[in-house]
Structures are given as C-alpha cells and as structure tokens.
Amino acid sequence: MILPAGFYRRPTLDVAADLIGKVLVRSGGRGGGFRLSGTIVETEAYIGEDDLACHASRGRTARTAVMYGPAGRSYVYLIYGMYCCLNAVTEDPGFPAAVLIRAIEPLEGIERMMRNRNGNKRTTELGSGPGKLCQAMAIDRDLNGADLTGPELWIEDRGIQPGPIRTSPRIGVDYAGAYRDKPWRMFVDGSAHVSKRPSQDNTWRKL
DNA sequence: GTAGTGATTTTCT
DNA sequence: GAAAATCACTACA
C-alpha cells in the first residue's frame with residue numbers, strides 16, 4: 001500500500017517514527033525502466049521556523065518554499081555543493097516541516113544502485129547516509145517538489161516490522177543552539193544500514 | 001578500528 | 001563572502 005498524503009499531514013515526530021520500516025521506491029526510465037527500493041531504517045525530524053536546525057528557521061525562501069506547501073511532497077536540496085538529501089514534507093500547509101530520510105536497507109535494484117554508487121560492492125554502503133541513498137536511488141533536485149504518492153518516487157507500507165527503534169540527537173546540526181540536542185533522530189537499533197552507529201554514549205534512550 | 005581533512009557550489013548575508 | 005541536515009580518502013593505532 002502506497003502511503004497517502006494524509007499519512008504525512010500529522011505531527012512530524014510521529015511521521016518520522018512511523019516511516020521507519022516503510023519502503024522507499026524509485027521508478028524511472030522508459031517502458032518500465034528501472035525500479036529501486038529500500039527499507040527506511042533512519043530518519044530525522046525538522047520542525048518549523050523555531051527549530052534552528054530546520055532550513056525554514058530563516059523563513060520562507062525559494063529553497064524552503066516546498067516545506068510550506070502541502071504534506072506528502074518531496075523536498076530535495078543540495079548539501080555541501082555535492083550531495084542531495086531527500087525529505088518528506090509534513091504537517092498542515094503553511095507550517096514548514098519535513099522528515100529527512102537518512103538511511104535505507106536496499107531491497108530491489110541492488111545491482112543498479114551499486115552502479116549509481118560508482119561500483120561500490122557493499123550493500124551497507126549503498127544507503128547508509130542521506131547523500132548516499134540519493135546517489136544510489138538516482139534522486140536529485142529534479143525531484144524536488146515531487147508528489148510522494150508516485151509515480152516516480154513513493155513510500156509503501158509492506159507490513160514490515162522494524163526492529164527496536166532508538167532516538168539520538170540529529171547529525172551535523174551543532175550550530176542549532178537549544179535545538180542541537182533534541183532527540184529527533186530515529187533509527188533501527190543495531191541495523192548495519194544506519195549512517196552512524198552508537199559510540200560509547202549512554203545519553204541515547206530507548207523510544 | 002578511529003581521527004582529520006579536502007572536495008564543490010548553492011544559498012543567503 | 002561564509003556556511004552548509006555529507007562523503008571519501010588518508011594517516012595512524
């Protein structure tokens with residue numbers, strides 16, 4: 001079942017948690033073309049203009065406009081001049097928020113994903129990071145604003161029961177002041193496909 | 001195994 | 001002009 005727009009039009013933390021275990025699917029090319037997919041194992045929530053880590057904290061601009069639009073669309077942006085990151089827009093129109101898809105466990109089209117990733121042979125290196133998964137699944141800014149109910153990019157519920165979910169502070173947002181330590185990153189505990197494994201850090205709590 | 005650093009360009013100040 | 005929701009590579013243990 002493809003997740004409907006209503007799935008995304010909810011509190012962002014709920015969407016971030018519920019997306020764990022869902023399947024991200026990318027389809028393209030002519031006449032059937034290709035189909036790539038992977039189970040989502042890591043997400044992060046970015047919530048509103050008050051959240052100093054959220055791009056919308058600087059207000060509405062050409063880049064952040066999608067986040068102010070309806071839920072269930074994609075927000076794809078370029079980071080560090082080289083990589084793209086994929087988000088799902090959440091909440092009511094007018095309230096800027098999104099869930100960053102940070103890691104997937106590859107399911108379908110693994111051979112093609114390896115080619116997209118410059119011949120990388122390890123499945124754990126195909127989707128264990130927001131830039132990596134976009135490269136593997138051929139997601140770039142052409143898909144910014146795309147409807148996440150298809151036909152190029154969507155997320156399905158296949159009834160997968162993810163392992164235990166943990167939370168942690170978000171990655172790479174040390175500049176975000178009081179919002180730096182918010183435990184708004186969600187990931188499958190122990191998965192080999194998440195972007196970073198826990199170090200000696202007992203501040204992370206069970207969800 | 002961990003730590004440090006350069007690549008590259010859009011975006012907003 | 002500075003910073004950025006990252007990654008790959010190198011050096012070293």
Side-chain angles (χ1 to χ4, degrees), chain A residues 8 12-13 15-17 19-20 24 38 40-68 73-91 95-106 113-146 148 153 166-187 190 192-201 204:
Chain A
Y8 302 96
T12 307
L13 286 172
V15 178
L19 278 177
I20 302 287
L24 178 67
I40 296 169
V41 295
E42 179 180 347
T43 60
E44 280 177 2
Y46 290 85
I47 312 172
E49 294 179 345
D50 292 339
D51 177 4
L52 295 177
C54 183
H55 290 161
S57 63
R58 297 291 198 159
R60 183 177 188 142
T61 65
R63 181 173 66 148
T64 61
V66 205
M67 279 200 280
Y68 288 81
R73 304 264 268 273
S74 74
Y75 166 43
V76 181
Y77 65 90
L78 185 70
I79 185 64
Y80 297 110
M82 305 182 175
Y83 300 102
C84 291
C85 292
L86 171 68
N87 298 250
V89 174
T90 60
E91 313 245 8
F95 185 87
V99 173
L100 171 66
I101 311 297
R102 280 195 61 90
I104 57 159
E105 176 175 345
M113 289 195 238
M114 287 176 174
R115 268 183 276 134
N116 291 345
R117 287 272 299 142
N118 201 26
N120 201 303
K121 292 182 169 55
R122 304 183 53 190
T123 57
T124 51
E125 285 300 314
L126 296 181
S128 55
K132 294 180 191 177
L133 76 88
C134 283
Q135 205 172 43
M137 299 190 83
I139 294 165
D140 62 20
R141 283 173 299 167
D142 289 348
L143 285 170
N144 187 36
L148 287 179
L153 187 63
R166 297 185 96 196
T167 65
S168 83
R170 293 171 291 181
I171 305 296
V173 296
D174 288 348
Y175 58 86
Y179 286 82
R180 182 187 62 180
D181 299 318
K182 298 282 184 192
W184 291 352
R185 174 178 180 236
M186 324 262 171
F187 60 98
H193 299 272
V194 301
S195 62
K196 294 198 174 183
R197 312 291 225 92
S199 52
Q200 73 281 14
D201 186 337
W204 297 4

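Chain A is the first sequence line, chain B the second, and so forth, proteins listed ahead of strands; every chain is numbered from 1.
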Write down the protein N/O and nucleotide N/O pairs, taken from nucleotides 2-8 of chain B, whose separation is under 3.5 Å; answer none if there are no such pairs.
{"from": "B:dT8", "atom 1": "O2", "to": "A:Tyr80", "atom 2": "O", "distance (Å)": "2.4"}

How long is the line joining CZ of A:Arg122 and C1' of C:dA8, in whole Å?
13 Å

Taking only side-chain N and O atoms of A:His55, does any of them lie within less than 4.0 angstrom of OP1 or OP2 on B:dT11?
no

Starting from P on C:dT6, measure out to CD1 on A:Ile101 and report it in whole angstrom.
14 Å

Rounded to the nearest Å, what distance is computed from the CZ atom of residue A:Arg63 to the P atom of nucleotide C:dA3?
15 Å

Consider the side chain of A:Arg117, meaning its heavy atoms from C-beta on, and name the nucleotide among C:dC7, C:dA5, B:dT9 that approaches it most closely.
C:dC7

Interatomic distance where CG belongs to A:Leu78 and P belongs to C:dC7 [whole Å]
13 Å

Give one of base, sugar-phosphate or nothing for A:Arg170, where a contact means two heavy atoms less than 4.0 Å apart.
nothing

For B:dT5, the Watson-Crick or wobble partner whose two distances fall under 3.5 Å:
C:dA8

Expected output: side-chain A:Thr64 to main-chain A:Gly59 donor-acceptor under 3.5 Å
yes

A:Trp184 versus A:Leu13: any side-chain heavy-atom pair under 4.5 Å?
yes

Relative to A:Tyr179, does A:Arg170 satisfy both conditions: NZ or CZ under 6.0 angstrom from the six-membered ring centre, and within 45 degrees of the ring's axis?
no

Give a yes/no on whether any side-chain N or O of A:Arg102 is located under 4.0 angstrom from OP1 or OP2 of C:dT6.
yes

Hey, does the side chain of A:Thr90 reach the backbone of A:Thr12 with a donor-acceptor pair shorter than 3.5 angstrom?
no

A:Ser74 side chain vs A:Ala146 backbone, donor-acceptor pair below 3.5 Å
yes

Within this structure, what is the CZ-to-P distance between A:Phe187 and C:dA5, rounded to whole angstrom?
20 Å

I need the CZ-C1' distance between A:Arg58 and B:dC12, as an integer number of Å.
8 Å

Confirm from the modelled atom types if A:Tyr77 and C:dA5 form a donor-acceptor pair under 3.5 Å, side chain to base only.
yes

Once you round it to whole Å, what is the distance between P of C:dA3 and CG of A:Asp174?
14 Å

d(CG, A:Asn120; P, C:dC7) in whole Å
12 Å

First of A:Glu125 and A:Gly172 reached from the 5' end of DNA chain C, by closest nucleotide:
A:Gly172

A:Glu44 (side chain) donor-acceptor with A:Ile171 (main chain) under 3.5 angstrom
yes

Is it the case that the side chain of A:Glu125 and the backbone of A:Asn120 share a donor-acceptor pair, with hydrogens and angles ignored and the cut-off at 3.5 Å?
no

